[in-house]
Trainee: 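I'd like to ask you about the structure that follows.
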Amino acid sequence: MTEETHTAPVEPAAVEEPLDLVRLSLDERIYVKLRGDRELRGKLHAYDGHLNMVLSEVEETITVVEINEETYEEVIRTQKKTSEMLFVRGDGVILVSPPVRTG
Amino acid sequence: MVCFYYFLVSTLRIESRNTLIGHQVTVELKNDLAITGILSSVDQFLNIKLDDIRVVDDTKYPHMMAVKNCFIRGSVVRYVQLPASAVDTALLQDAARREAQTPTTAAAHTMNR
């Protein structure tokens, strides 16, 4: 009896490399953490190997930590911006994940 | 760099022959300067030429008032805000899936198995 070895057929749904995880998020809302204490939540429409992305219905959260000059208390201020369609340059991307629910 | 080109080409140019060239976009730079203008051209590095520009916060950046058109080096761009009505999202998704299948530099290490 001869044993045949088959190379596994290409399974498009399989996660073989990290970017496949991003591919499976196409057309889903995702969370993107960016350099400069910025976070985005939006629906992913396109990406490439650089993690350049096109997102729609985007909410951007910018976190700024200010130090009160008298009390030296840290005041965390968040600023929110929205845009309907946004191209994001990949070099600012730190991580991509399903959206994190925060109150 | 092929994917860069794909990206701008597909996102901002082919984008279904309803090219985004000629549309108004807002380019936000890494130094927080945001410039709105008519997209004139884009290249493989994501360098962008804008015509008829206006700085979004011109009280903060008054020195840009006299500038009417500009070339922006791709590497200093953080975001480009696009007109949603001009973007065919189905087409973009197809393009992204096709791009994911073709091995790029990022995926090349998986090729030799």
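Here is how names work: the chains are called A, B, and so on, in the same order as the sequence lines, proteins then strands, and each is numbered from 1.
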Trainee: Consider side-chain contact (heavy atoms from CB on, under 4.5 Å). Of B/L82, B/V25, B/V27, B/D51, which one does B/L39 pass it with?
Mentor: B/V25

Trainee: Could you check which of A/R38, A/E84, A/K43, A/E57 has the highest count of heavy-atom pairs closer than 4.5 Å to chain B?
Mentor: A/R38

Trainee: What part of A/E60 gets within 4.5 angstrom of chain B, counting heavy atoms only: side chain, backbone, both, or neither?
Mentor: side chain

Trainee: Please state whether the side chain, the backbone, both or neither of B/S75 comes within less than 4.5 Å of a heavy atom of chain A.
Mentor: both

Trainee: For the interface with chain A, which of B/G74, B/S85, B/P83 has the highest count of heavy-atom pairs at distances below 4.5 Å?
Mentor: B/G74

Trainee: Under 4.0 Å between a Lys/Arg side-chain N and an Asp/Glu carboxylate O for A/R35 and A/D91?
Mentor: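 Salt bridge between A/R35 and A/D91, a charged N being under 4.0 Å from a carboxylate O: no.
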
Trainee: If I take atom CZ from residue A/R77 and atom CD from residue A/E66, how far apart are they, to the nearest 0.5 angstrom?
Mentor: 4.5 Å

Trainee: Is there a donor-acceptor pair closer than 3.5 Å between any side-chain N or O of A/D20 and the backbone N or O of A/E16?
Mentor: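 Checked: pair present.
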
Trainee: Using only atom types and a distance under 3.5 Å, with no angle test, would you say the side chain of B/D58 pairs donor to acceptor with the backbone of B/Y61?
Mentor: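 Such a contact is absent between B/D58 side chain and B/Y61 backbone.
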
Trainee: Answer with yes or no whether the side chains of B/S41 and B/D43 bring together a donor and an acceptor at under 3.5 Å.
Mentor: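 Absent: no donor and acceptor within the cut-off.
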
Trainee: Please classify the contact of A/L55 with chain B as side chain, backbone, both or neither, using a heavy-atom distance under 4.5 Å.
Mentor: neither

Trainee: So which part of A/S56 gets closer than 4.5 Å to some heavy atom of chain B, the side chain, the backbone, both or neither?
Mentor: neither

Trainee: Output the option from A/V58, A/V22, A/L44, A/L40 having the highest count of non-hydrogen pairs under 4.5 Å with chain B.
Mentor: A/L40

